[in-house]
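Numbers restart at 1 for each chain; the letters A, B, ... are given by sequence-line order, proteins then strands. The structure displayed is predicted, hence computed values, not measured ones.
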Number of protein chains: 2
Amino acid sequence: MPPSNESAPASPPLKIARATLHDRIVERLHDMLIEGELAPGERLNEVALAARLEVSRTPLREALRVLASQRLVTLSPHHGAFVTRMTRAEIDDAFELMSALERFSAELACERVTESEIAAIRAEHAEMMAYWARRDLPRYYRANQRIHDLINRAARNDELRETYLALNRRLHPLRLSSNRSAAKWQKAVEEHEAMLAALERRDAAELGELMRRHLLEKRDAVLEGWSHEDR
Amino acid sequence: MPPSNESAPASPPLKIARATLHDRIVERLHDMLIEGELAPGERLNEVALAARLEVSRTPLREALRVLASQRLVTLSPHHGAFVTRMTRAEIDDAFELMSALERFSAELACERVTESEIAAIRAEHAEMMAYWARRDLPRYYRANQRIHDLINRAARNDELRETYLALNRRLHPLRLSSNRSAAKWQKAVEEHEAMLAALERRDAAELGELMRRHLLEKRDAVLEGWSHEDR
DNA sequence: ATATTGCGTAATGAATGCAAAAAACAGTGA
DNA sequence: TCACTGTTTTTTGCATTCATTACGCAATAT
């Protein structure tokens, strides 16, 4: 036995572990939040939710703690869990941070993207344009998300991607209040054209700046719709 | 009763809620991780930890789930909880992301920092230089952290700050493997001088680039020490 | 001697029970 | 009618208990 082995701490096994119940509950609640099945500000009663999901309170509570640490739900001791309702300042900050993540993702992607990845992005872009021509907003939105995720993957930084996705999940409920005017949508489409061109030229500074500004405009569009909807 | 009230969801009370047990356990484990009381890779036995903290397993498990969602511990179903040991690739990615957060924080700070905040940073900088002169690495390190946090606060973006702090916590255990050579330390000090000067000029591009490069050099220093320590 | 299989033990996953805190309600008084 | 207060009820926080899975060790066969 080598002496170094004595102080070597145990490590987690690498094998695929099948999901536990509370992990699946986290997934399920994620979906329910994304689908809007649970509205911002809504109270989450533990026994009612547990009954609805057909689980006991224990794994549900563990899941709620996890979602709370991701700020998707807000816990108030002895009062209960609520679907997080972001304030104006939080939305502002979140989009601002998102603009930085997008810029950085764009810069890294320009350095690291492969030809086949660009081809995939180009294809997805074409599909998105088709949805735009048909004014199919839901599908346009999903194609849009896929493009951003492809760029994120091309950046080859899992930490960045995880952070991006986590923030994106939090902002997801706000997506409905943007792109409602045809003019804004038109502008967003043009920006995407420019972004694709910059990526093909691998112009990091240009693409980074385009994506940063794109996000800030999205923020403005969201805040515009937000001000006369909630709060 | 106004009709709008019917669909209005309840909101969490705004009052200060005193910490629950599992929140305090999260805090305590945070501290233990920061202090190095729990080493990376170490296994966390639920009953042993519960006994040590004098709590039952339920709130401890909730705390472990929270820490796992922050990637400070790794859960392996039916195997247990382990203090997360970052791989080389994860460290690489994390520092790269950190460099982007620092750059953005620097850029925002240049736009938004007040004179009194600059004064506070200048004072903390002077204190840090004193620790450097005495070769007091622990205190130097803490002063360094405070400076970065002051810049972060000056950026006026809580989302950014939270993200920064969360990532910083994960990288904290690695701090020991950097700044071991006097030359590198000297260089870091010089970079800090330049950063302070750029902040005083409110030169966003310059400060951003300085902080980005500063972080990337820190990454290299950490990875250098890392390669012949663990793994 | 080594590999393999089976069983016992220990650990985690999940459910239930109990106590405390907060919310809802009713009743009383002004 | 409104405000206040005492009580009831609901809901959360935590401990305990039960069930399931993984690990360790030994015995056996090759």
Exercise. What do you reckon, are the aromatic ring centroids of His148(B) and His192(B) less than 6.0 Å apart?
Worked result: yes
For this session: Look at the side chain of Arg61(B) and the backbone N and O of Thr58(B), then say whether any donor-acceptor pair between them is shorter than 3.5 Å.
Result: no
Exercise. Counting any heavy atom closer than 4.0 Å, what does Leu44(B) reach on the DNA or RNA strands: base, sugar-phosphate only, or nothing?
Worked result: sugar-phosphate
Problem set entry | Arg71(B)/Arg170(B) under side chain to side chain contact (heavy atoms under 4.5 Å, CB included): CA gap, chis, key distance, verdict | CA-CA 7 Å; Arg71(B) 318 240 333 228; Arg170(B) 294 181 52 204; 3.7 Å; yes
For this session: Would you please confirm or rule out a distance under 4.0 Å between OP1 or OP2 of dA20(C) and any side-chain N or O of His78(A)?
Result: no
Problem set entry | Rounded interatomic separation in angstrom, taking CD from Glu54(A) and P from dA14(C) | 16 Å
Exercise. Is Ser56(A) near enough to dA15(C) that one of its side-chain N or O atoms lies under 4.0 angstrom from OP1 or OP2?
Worked result: yes
Exercise. Taking OP1 and OP2 of dG13(C), is either one under 4.0 Å from a side-chain nitrogen or oxygen of Arg65(B)?
Worked result: yes
Exercise. Under 4.0 Å between a side-chain N/O of His79(A) and OP1 or OP2 of dA23(C), yes or no?
Worked result: yes
Exercise. Any idea which of dG13(C), dA22(D), dT12(D) is nearest the Val47(A) side chain?
Worked result: dT12(D)
Exercise. Under 4.0 Å between a side-chain N/O of Arg61(B) and OP1 or OP2 of dG13(C), yes or no?
Worked result: yes
Exercise. What do the steps show when you test Glu96(B) against Arg112(A) for salt bridge (charged side-chain N to carboxylate O under 4.0 Å, His left out), and what is the final call?
Worked result: CA-CA 14 Å; Glu96(B) 199 171 70; Arg112(A) 299 169 184 178; 2.6 Å; yes
